[in-house]
Amino acid sequence: MTDSWATSGVDLHVELGGSGLRTGLTKALREAVRTGRLAPGTRLPSSRSLAVDLGVARNTVADAYAELVAEGWLTARQGSGTRVAERAAPRRAVPAAAARRAVRREPAYSLVPGRPDLAFFPRAEWLKAARRALTAAPHEAFGYGDPRGRVELRTAVAEYVARARGVRATPDRVVVCSGFVHGLTLLAGVLRQRRVREVAVESYGLGFHRDLLTEAGLRTAALGFDAYGSRTGELAGLRGAGAVLLTPAHQFPIGLALHPDRRTAAVDWARATGGLILEDDYDGEFRYDRQPVGALQGLDPERVVYLGTASKALAPGLRLGWMVLPESLVEEVTAAKGAVDWASSALDQLTLAEFIGSGAYDRHVRSMRLRYRRRRDQLVAAVAERAPDVRVTGIAAGLHAVLELPPGTERSVVQAAAWQGLALAGVDGFRHPSARRDRDALVVGYATPPDSAWAGALDALCRALP
């Protein structure tokens with residue numbers, strides 16, 4: 001006899017078998033617990049409810065429960081009902097190699113770059129924005145949606161990036177994505193369909209961005225780098241390149257703003273060749289000691305794709321980013337994204353639109369800008385006092401600093417930091433494989449540690465420096 005129930009406890013398919021109702025029920029429940037289909041702590045239906053659902057006498061269920069309680073499979077307490085007993089999981093043999101890995105301690109501190117201070121995510125303001133957005137949301141907002149993203153967010157983003165970053169944007173040119181990587185993935189596919197075979201990249205950058213391009217079937221060629229940023233004049237000599245990926249506002253990881261002449265050279269190359277500039281506006285909102293550097297996209301909206309995200313200003317876990325596209329790319333990128341918007345929650349998009357439109361986004365960015373500047377100043381002061389031979393650069397903007405080291409010392413300093421319980425990144429880990437190794441440095445992210453760990457992280461860093 002086979003049946004199922006839907007009661008206040010659980011839904012569970014029961015095979016009662018043919019050996020008697022009580023025996024069959026006891027065996028079915030025991031097997032469900034043993035195999036994990038009934039998890040520890042699960043509350044079972046009352047004997048009366050289960051008896052009605054299965055069409056058996058209540059005593060049959062009560063007796064089956066009592067037998068399983070006696071065996072230790074179930075527990076029964078007055079007022080708490082009958083539940084699956086908590087059972088210790090069997091101990092599994094651990095391979096020797098895994099055992100050795102298990103004893104490795106996690107670092108006590110981390111100054112790895114690229115991460116904001118998540119403890120200061122504006123929960124209360126975000127919740128207020130979410131409530132307002134949910135209240136005002138039209139019914140159709142809960143459908144599959146426009147693949148370009150919610151029009152409310154596209155409108156808010158277009159207004160914000162025009163005002164704050166000098167981007168020439170309209171809502172119909174904005175496509176919402178789940179972050180920079182998602183946007184770059186879509187663009188890489190479109191470039192491949194356009195028969196582009198090579199994308200120029202900066203000598204230093206994130207390796208997984210280069211890997212993403214490579215996996216899409218695109219070669220990457222590294223541009224030279226000097227005190228003025230990426231040598232974009234070299235683009236003219238790259239005969240196979242159809243696009244270039246740049247971080248012009250605050251180069252990651254070196255930390256320079258691209259020189260105006262280099263910006264002009266990149267745009268001139270794109271106009272002359274029909275190429276595209278993919279602008280990663282990395283850290284563009286966090287500037288401290290200089291006037292904000294406007295987005296490169298403002299020089300030529302038809303040749304530059306602007307990519308921004310909420311990852312640094314708010315949190316990467318929101319999975320919200322945006323592209324401002326040349327008119328000629330909108331249809332292709334939208335088609336690459338799919339027939340509907342499957343990438344980002346409509347409610348999160350509406351919430352971010354409300355958050356931006358209410359001014360909460362600007363207020364939060366200004367607040368975090370002050371906080372990160374204090375962190376940066378404390379880092380610079382500590383290094384100047386305890387390691388005066390180490391030069392700190394790339395600090396006019398962003399969430400990280402570059403600590404220039406004596407030649408040949410980068411690897412030993414990173415290792416010394418690990419002995420101090422500090423996770424650090426050396427600049428060589430960001431170098432393009434074909435680029436010449438021309439510096440030893442640390443890329444220190446000062447946004448990540450919580451306040452309680454900041455002093456300890458600084459102390460561990462200074463102890464590791466030469």
Side-chain angles (χ1 to χ4, degrees), residues 116 118 120-165 167-187 189-190 279-282 284-285 295 297 305-327 329-365 368:
L118 300 178
F120 282 81
F121 180 81
R123 298 176 188 236
E125 289 297 325
W126 185 261
L127 183 57
K128 291 177 185 176
R131 285 172 173 161
R132 292 193 298 267
L134 184 59
T135 300
H139 298 319
E140 54 86 16
F142 303 101
Y144 289 106
D146 188 328
R148 294 175 298 171
R150 290 297 307 175
V151 66
E152 296 89 343
L153 180 56
R154 291 189 284 115
T155 300
V157 164
E159 185 277 332
Y160 175 76
V161 297
R163 169 172 52 81
R165 302 295 302 125
V167 175
R168 292 155 65 182
T170 55
D172 59 308
R173 293 199 183 194
V174 175
V175 172
V176 177
C177 51
S178 64
F180 179 82
V181 168
H182 181 210
L184 186 58
T185 300
L186 295 173
L187 291 166
V190 170
E279 178 181 11
D280 179 3
D281 196 24
Y282 194 91
E285 294 159 312
Q297 189 263 9
V305 178
Y306 175 89
L307 297 104
T309 78
S311 297
K312 301 299 182 296
L314 289 171
L318 291 179
R319 308 311 312 140
L320 284 171
W322 44 85
M323 295 175 279
V324 181
L325 300 166
E327 185 176 6
L329 270 182
V330 172
E331 186 175 335
E332 292 172 77
V333 172
T334 302
K337 192 178 176 188
V340 296
D341 188 7
W342 54 265
S344 302
S345 158
L347 181 55
D348 287 340
Q349 292 184 52
L350 291 170
T351 301
L352 181 56
E354 173 64 29
F355 197 76
I356 294 172
S358 69
Y361 190 88
D362 287 84
R363 291 192 296 272
H364 178 70
V365 167
M368 296 309 294

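By convention here, the first residue in the shown sequence is residue 1.
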Note to self: Within the structure provided, determine whether K337 and H182 are in side-chain contact (heavy-atom separation under 4.5 Å).
What the structure shows: yes
Checklist line | Flag side-chain contact, heavy atom, 4.5 Å: V176 against V157 | finding: no
Next item on the list: Looking only at non-hydrogen atoms, find the nearest pair between P116 and S311 and report the distance.
Entry: CG-O, 3.4 Å
Note to self: Restricting to non-hydrogen atoms, name the atom on R319 and the atom on S344 that form the minimum distance, rounded to 0.1 Å.
What the structure shows: O-OG, 3.4 Å
Item checked: Gap separating the CG atom of L127 from the CZ atom of R132, nearest 0.5 angstrom -> 10.0 Å
Notebook entry, point to check: Are V305 and L187 close enough that some pair of their side-chain heavy atoms sits under 4.5 Å apart?
Noted result: yes
Note to self: Distance check, rounded to the nearest 0.5 Å: E354 atom CD versus T135 atom OG1?
What the structure shows: 9.5 Å
Check: Can you say whether the rings of F355 and Y361 are parallel (under 30°), tilted (30 to 60°) or perpendicular (over 60°)?
Finding: perpendicular
Checklist line | Over 12 foreign heavy atoms within 6.0 Å of OH, Y144 | finding: no
Check: Do the non-hydrogen side-chain atoms of P316 and L118 ever get within less than 4.5 Å of each other?
Finding: yes
Check: Under a 4.0 Å N-O cut-off, is there an ion pair linking R150 with E140?
Finding: yes
Checklist line | pair Y306-R165: side-chain heavy atoms closer than 4.5 Å | finding: yes
Notebook entry, point to check: What heavy-atom pair brings V324 and A169 nearest, and what distance separates the two atoms?
Noted result: CG1-CB, 3.8 Å
Next item on the list: Indicate yes or no: at least one non-hydrogen side-chain atom of L318 is less than 4.5 angstrom from one of D348.
Entry: no
Check: To the nearest 0.5 Å, how far apart are CG in L320 and OG in S178?
Finding: 8.5 Å
Check: Going by heavy atoms in the side chains, are T334 and V175 under 4.5 Å from each other?
Finding: yes
Notebook entry, point to check: What pair of heavy atoms forms the shortest contact from V330 to D172, and how long is it?
Noted result: CG1-O, 3.8 Å
Note to self: Please find the pair of heavy atoms, one from A346 and one from A141, that lie closest to each other, and give the distance.
What the structure shows: CB-O, 3.3 Å
Check: Going through the checks in order, is the side-chain contact (heavy atoms from CB on, under 4.5 Å) test met by E327 and R173?
Finding: CA-CA 7 Å; E327 185 176 6; R173 293 199 183 194; 3.5 Å; yes
Notebook entry, point to check: Rounded to the nearest 0.5 Å, what separation is found between the CG atom of L325 and the OG1 atom of T170?
Noted result: 10.0 Å
Next item on the list: Measure the spacing between CZ of R131 and CH2 of W126 and express it to the nearest 0.5 Å.
Entry: 14.5 Å
Margin query: Run E279 and L307 through side-chain contact (heavy atoms from CB on, under 4.5 Å) and show every step you take.
Written below: CA-CA 6 Å; E279 178 181 11; L307 297 104; 5.6 Å; no
Next item on the list: Might you point out which heavy atoms bring A310 and W322 nearest each other, and give the distance in Å?
Entry: N-CH2, 3.8 Å
Margin query: Applying side-chain contact (heavy atoms from CB on, under 4.5 Å) to L352 and L314, what does each step give before you reach the verdict?
Written below: CA-CA 10 Å; L352 181 56; L314 289 171; 3.9 Å; yes
Check: Any sub-3.5 Å donor-acceptor pair from Q297's side-chain atoms to R168's backbone N or O?
Finding: yes
Next item on the list: In plain terms, say whether R163 and D362 are close enough for a salt bridge, that is, a side-chain N and a carboxylate O under 4.0 Å apart.
Entry: yes
Next item on the list: Kindly determine whether R154 and D146 satisfy salt bridge (charged side-chain N to carboxylate O under 4.0 Å, His left out), including the steps that lead there.
Entry: CA-CA 11 Å; R154 291 189 284 115; D146 188 328; 3.8 Å; yes
Note to self: Run D280 and F180 through side-chain contact (heavy atoms from CB on, under 4.5 Å) and show every step you take.
What the structure shows: CA-CA 8 Å; D280 179 3; F180 179 82; 3.5 Å; yes
